[in-house]
2 protein chains.
Amino acid sequence: MDLSNINIEQYLRNNDVKPSYQRLKIFEYLVKHKNHPNVDTIYQELVSAIPTLSKTTVYNTLKLFLEKGIVQPILIEENEIRYDADVTVHGHFKCEICQEVYDIPLDLSDMKTEGLEKFIIKESHIYFKGICKRCNIANAQ
Amino acid sequence: MDLSNINIEQYLRNNDVKPSYQRLKIFEYLVKHKNHPNVDTIYQELVSAIPTLSKTTVYNTLKLFLEKGIVQPILIEENEIRYDADVTVHGHFKCEICQEVYDIPLDLSDMKTEGLEKFIIKESHIYFKGICKRCNIANAQ
DNA sequence: AATAAAATTGTAATCATTACAAAATAGTAT
DNA sequence: ATACTATTTTGTAATGATTACAATTTTATT
Ligand SMILES: [Mn+2]
Ligand SMILES: [Mn+2]
Ligand SMILES: [Zn+2]
Ligand SMILES: [Zn+2]
C-alpha cells in the first residue's frame, strides 16, 4: 500500500490517534522515508527539527501506533526492532553490506502451508538476508 | 532436518565446537525438545541438572553455536529471541493463546520474489502468528 | 478565564545482555 | 605423574535499551 499521498492528520484520526505535533512528525517520517528505522534513528532524525523531543515520546508514540495497528515491527536482526508504516503483507530484504532494508512485493496465496490446517493465521511475515543489487554490482567492479 | 538421532558429540566436533559438558547439554536440550526456547528457558531447564551452570555460559554457548551455524535465532516477538537447532529453511507459527512455536514445512522454491533480481539471498525466514489448532478446537467447545 | 484531561518530557528504575577477570577444567610437554 | 599452557566456565560488575513515573506543558471543555 502506498501511503505517500495520504493526509496524515486524517489518517491518524481515522485510526483513533489524536494527531499531536510529535505523532504527526513521527508518522510522517515513517511514511516519507520508508527506511524501516529503529527508535533511535527516528529520534535522531527528528530531534533537530523538534529540539524538545524526548526519546520517551518516540517510544510511547510507536507503542500507540502498534496498538492501533498503523505500524508493524520489523524483526530481522537480533536486538533490533525497526518500524514500518506499511502494515500490508509484504516481505523485506536486509543487505548485510549496506544494512538497508528493502520492501519485497509478495504473493503468499499459493504458498504451500502444509501442516497449518485448522490453524488461524492472523499475521504472515517473511524476510530475506543477503547482499542487495547495488552492493552486489559494486563488489563486482 | 531431523537431528533427533545424531551423535551430538560428533555433530559438535564436525562443526568445530569442542563438546564440553555444558555445550553438550545445551545442544541436547535444543535437539530433544524442539520447543524453540529462549535463553532463560534453557537456563531454567538445565540448572537443576547442572547446579553450577551460569547464565553467562548459556549466552556464550548460544553465541558460539550461532557463529558456527548450528543454531538459528527465531525472531517472532519483539524483545524475545528463541533458538532452533534446525538450521534448514522452514517456517514457524506462534500461537497467541498458548505461546507455543510450531515448525511449518515450507517450499519457498515457487514463491514469486519479484524485485529480487540480482539480489543474493543467503537466508530466508518466514513466520506466522495466530491461533493454533489445539487452542482453536479448545475454544470452539 | 478556570478547570479538567491528555500528551510530553526528564529522570530514575528495571532488566536483559555483555565485559571482564578469577577459578576451574582440559590438554600438552617434560 | 607433574608442571605448564590453553580453554572453558563462572560470578560479578558494567552497559545500554526500554519502561515507570511524576512533573510540566499542551489541549480541550466548562
Ligand atoms: Mn516494509
Ligand atoms: Mn523450527
Ligand atoms: Zn547493500
Ligand atoms: Zn495454541
Side-chain angles (χ1 to χ4, degrees), chain A residues 8-13 15-30 36-68 70-83 99, chain B residues 8-13 15-30 36-68 70-83 99:
Chain A
I8 292 174
E9 186 172 338
Q10 194 56 53
Y11 185 77
L12 293 183
R13 280 192 212 284
N15 286 278
D16 194 26
V17 172
K18 284 192 191 172
S20 72
Y21 185 68
Q22 287 85 344
R23 290 170 179 175
L24 276 170
K25 286 300 179 184
I26 290 172
F27 198 80
E28 182 185 59
Y29 180 83
L30 290 168
H36 311 92
N38 59 21
V39 165
D40 204 59
T41 300
I42 296 170
Y43 173 76
Q44 295 300 338
E45 292 289 308
L46 292 182
V47 72
S48 51
I50 315 171
T52 62
L53 184 65
S54 163
K55 197 175 278 188
T56 298
T57 298
V58 181
Y59 278 107
N60 290 343
T61 301
L62 289 169
K63 186 166 178 245
L64 176 68
F65 289 171
L66 284 170
E67 286 164 6
K68 300 302 184 184
I70 59 175
V71 300
Q72 64 170 322
I74 305 294
L75 309 173
I76 298 182
E77 221 67 66
E78 308 167 52
N79 306 319
E80 180 182 55
I81 307 175
R82 290 164 170 256
Y83 295 89
Q99 313 295 315
Chain B
I8 293 174
E9 185 171 339
Q10 194 56 54
Y11 185 77
L12 293 182
R13 279 192 213 285
N15 286 279
D16 195 27
V17 172
K18 286 191 189 172
S20 72
Y21 184 69
Q22 288 84 345
R23 289 169 180 175
L24 276 170
K25 287 300 178 183
I26 291 171
F27 199 80
E28 182 184 59
Y29 180 83
L30 290 168
H36 312 92
N38 59 20
V39 165
D40 203 60
T41 299
I42 295 171
Y43 174 76
Q44 295 301 338
E45 292 288 307
L46 291 181
V47 73
S48 50
I50 316 169
T52 62
L53 183 65
S54 163
K55 197 175 279 189
T56 300
T57 298
V58 182
Y59 278 107
N60 289 343
T61 301
L62 289 169
K63 185 166 179 242
L64 176 67
F65 288 171
L66 285 169
E67 285 165 8
K68 300 302 185 182
I70 59 174
V71 299
Q72 63 169 321
I74 305 293
L75 309 173
I76 298 182
E77 222 66 66
E78 307 168 54
N79 306 319
E80 180 181 57
I81 306 175
R82 290 164 170 255
Y83 295 90
Q99 313 294 315

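To find a chain, count down the sequence lines: A is the first, B the second, and so on, and within it residues start at 1. Only a predicted model underlies this, so the values are computations on that prediction, with no experimental measurement involved.
- For the pair B:Arg23 CZ and D:dT10 C1', the interatomic distance rounds to 14 Å; values are reported in whole Å.
- A residue-by-residue look at B:Asn60 and B:Asn79 shows that B:Asn79 has its nearest nucleotide of DNA chain C further toward the 5' end.
- The listed nucleotides are D:dT9, C:dT9, C:dA6; the one nearest the side chain of B:Gln22 is D:dT9.
- The distance between the ring centers of A:Phe27 and A:Tyr11 falls below 6.0 angstrom.
- For D:dT9, the OP1/OP2 oxygens have no side-chain nitrogen or oxygen of B:Ser54 closer than 4.0 Å.
- Separating the CG atom of B:Leu64 from the C1' atom of C:dT18 is a distance of 16 Å, rounded to the nearest angstrom.
- Neither OP1 nor OP2 of D:dT10 sits under 4.0 Å from any side-chain N or O of B:Thr56.
- Residue A:Tyr21 contributes atom OH, which lies 16 Å from atom P of D:dA28 at whole-angstrom precision.
- When rounded to the nearest whole Å, the span between CD of A:Glu78 and P of D:dA17 equals 16 Å.
- Atom CD in A:Glu80 sits roughly 15 Å away from atom C1' in D:dT18 (whole-Å rounding).
- Checking the phosphate oxygens (OP1, OP2) of C:dT18, no side-chain nitrogen or oxygen of B:Tyr59 falls inside 4.0 Å.
- Contact annotation for A:Lys55: no contact, since no heavy-atom pair falls under 4.0 Å across all strands.
- The distance from atom OH of A:Tyr43 to atom P of D:dT18 is 14 Å, rounded to the nearest whole Å.
- Looking at B:Thr57 and B:Asn60, their side chains never bring a donor and an acceptor atom within 3.5 Å of each other.
- For the pair B:Lys68 NZ and D:dT8 C1', the interatomic distance rounds to 14 Å; values are reported in whole Å.
- If you check every strand for non-hydrogen atoms under 4.0 Å, A:Asp40 touches nothing.
- Remark: the backbone N or O of A:Val17 is not paired with any side-chain donor or acceptor of A:Asn15 at under 3.5 angstrom.
- At the heavy-atom level, B:Ser20 lies under 4.0 Å from the strands shown only through sugar-phosphate atoms.
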